[in-house]
Amino acid sequence: MPTFILSLNWTEQGIRTVKDAPKRSAAARKLAKKLSIDIKQIYVTSGASDLLVIVESPSGDNVAKFALATSALGNVRTSTARAWTEAEFQQILSELP
């Protein structure tokens with residue numbers, strides 16, 4: 001199943017209401033389930049991103065819908081990257097012309 005990594009950063013609104021983060025996380029999990037996305041892990045991080053969300057989904061379109069809907073709430077801004085495991089990368093390399 002394709003893996004995606006979403007990097008999230010708090011907006012001014014999101015950090016101002018950070019105590020509501022557990023409720024927002026629960027709502028995000030509910031939305032993900034509705035879109036056939038499996039949230040594998042949510043990390044609070046230091047550095048360039050405030051949060052990292054690791055998800056699996058058969059459809060990148062659904063991940064885009066999830067990211068857009070989540071960002072539209074105004075608490076975070078998202079950036080999404082498709083991720084390949086080392087084994088998947090080796091398979092890609094073996095198929096190069």
Side-chain angles (χ1 to χ4, degrees):
M1 174 112 39
T3 301
F4 299 85
I5 301 171
L6 290 86
S7 301
L8 287 71
N9 285 303
W10 303 117
T11 62
E12 186 176 328
Q13 171 185 306
I15 197 64
R16 195 171 44 246
T17 59
V18 73
K19 289 183 180 182
D20 293 335
K23 293 177 197 171
R24 295 193 301 244
S25 179
R29 288 183 182 279
K30 185 176 179 181
L31 174 62
K33 187 173 183 176
K34 181 178 177 182
L35 292 170
S36 300
I37 295 171
D38 182 17
I39 295 179
K40 293 303 204 178
Q41 191 65 45
I42 299 174
Y43 295 97
V44 176
T45 61
S46 60
S49 298
D50 296 316
L51 303 155
L52 291 177
V53 182
I54 312 300
V55 304
E56 289 183 351
S57 175
S59 168
D61 290 354
N62 285 356
V63 176
K65 291 173 190 174
F66 175 77
L68 289 167
T70 300
S71 293
L73 297 172
N75 297 304
V76 293
R77 298 214 192 299
T78 62
S79 176
T80 305
R82 168 68 162 91
W84 289 266
T85 65
E86 187 176 11
E88 290 168 331
F89 180 61
Q90 289 174 356
Q91 180 64 38
I92 289 169
L93 291 177
S94 73
E95 295 173 0
L96 286 176

Atom of I39, atom of F66 and distance for their closest heavy-atom approach | CD1-CZ, 4.3 Å
Sorted by chain and number, sequence neighbours left out, salt bridge (charged side-chain N to carboxylate O under 4.0 Å, His left out) with K34 holds for none
Return all side-chain donor-acceptor pairs below 3.5 angstrom for residues 53-61, not counting sequence neighbours, or 'none' if the list is empty.
{"residue": "S57", "atom": "OG", "partner": "S59", "partner atom": "N", "Å": "3.2"}
{"residue": "S57", "atom": "OG", "partner": "S59", "partner atom": "O", "Å": "3.0"}
{"residue": "S59", "atom": "OG", "partner": "D61", "partner atom": "N", "Å": "3.2"}
{"residue": "S59", "atom": "OG", "partner": "N62", "partner atom": "N", "Å": "3.3"}

Excluding L68, membership of its hydrophobic cluster (Ile, Leu, Val, Met, Phe, Trp, Tyr; side-chain heavy atoms within less than 4.5 Å) reads none
Sequence neighbours left out, what passes side chain to side chain contact (heavy atoms under 4.5 Å, CB included) with T85? Give chain and number order.
-> A87, E88
Side-chain polar contacts of residues 89-97 - donor-acceptor pairs under 3.5 angstrom, sequence neighbours left out - could you list them?
{"residue": "Q91", "atom": "NE2", "partner": "E95", "partner atom": "OE2", "Å": "2.5"}
{"residue": "S94", "atom": "OG", "partner": "Q91", "partner atom": "O", "Å": "2.7"}

Results of salt bridge (charged side-chain N to carboxylate O under 4.0 Å, His left out) for R24 - residues two or more places apart only | none
Qualifying residues under side chain to side chain donor-acceptor pair (under 3.5 Å), relative to K65, sequence neighbours excluded | none
Would you name the heavy atoms of A69 and L31 that are closest together and state the gap between them?
-> CB-CD2, 3.8 Å
Side-chain donor/acceptor pairs under 3.5 Å, residues 74-84, sequence neighbours excluded:
{"residue": "N75", "atom": "OD1", "partner": "Q13", "partner atom": "NE2", "Å": "3.0"}
{"residue": "T78", "atom": "OG1", "partner": "S71", "partner atom": "OG", "Å": "3.0"}

Just grab all the salt bridge (charged side-chain N to carboxylate O under 4.0 Å, His left out) pairs involving residues 4-14, residues at least two apart or on different chains.
-> E12-R16
Do the side chains of I42 and I5 join up, straight or via other hydrophobic residues, at under 4.5 Å, putting them in one cluster?
-> no
Joint cluster assignment, L8 & I15, ILVMFWY side-chain distance < 4.5 Å = yes
How far does CG of L51 sit from OG1 of T45, to the nearest 0.5 angstrom?
-> 6.5 Å
Heavy-atom closest pair (L6 atom, A67 atom, distance to 0.1 Å) is CD2-CB, 4.1 Å
Is there a path from M1 to V63 through hydrophobic residues (I, L, V, M, F, W, Y) whose side chains come within less than 4.5 Å of each other?
-> no
Only counting residues at least two apart or in another chain, list the ones meeting side chain to side chain donor-acceptor pair (under 3.5 Å) with D20.
-> none
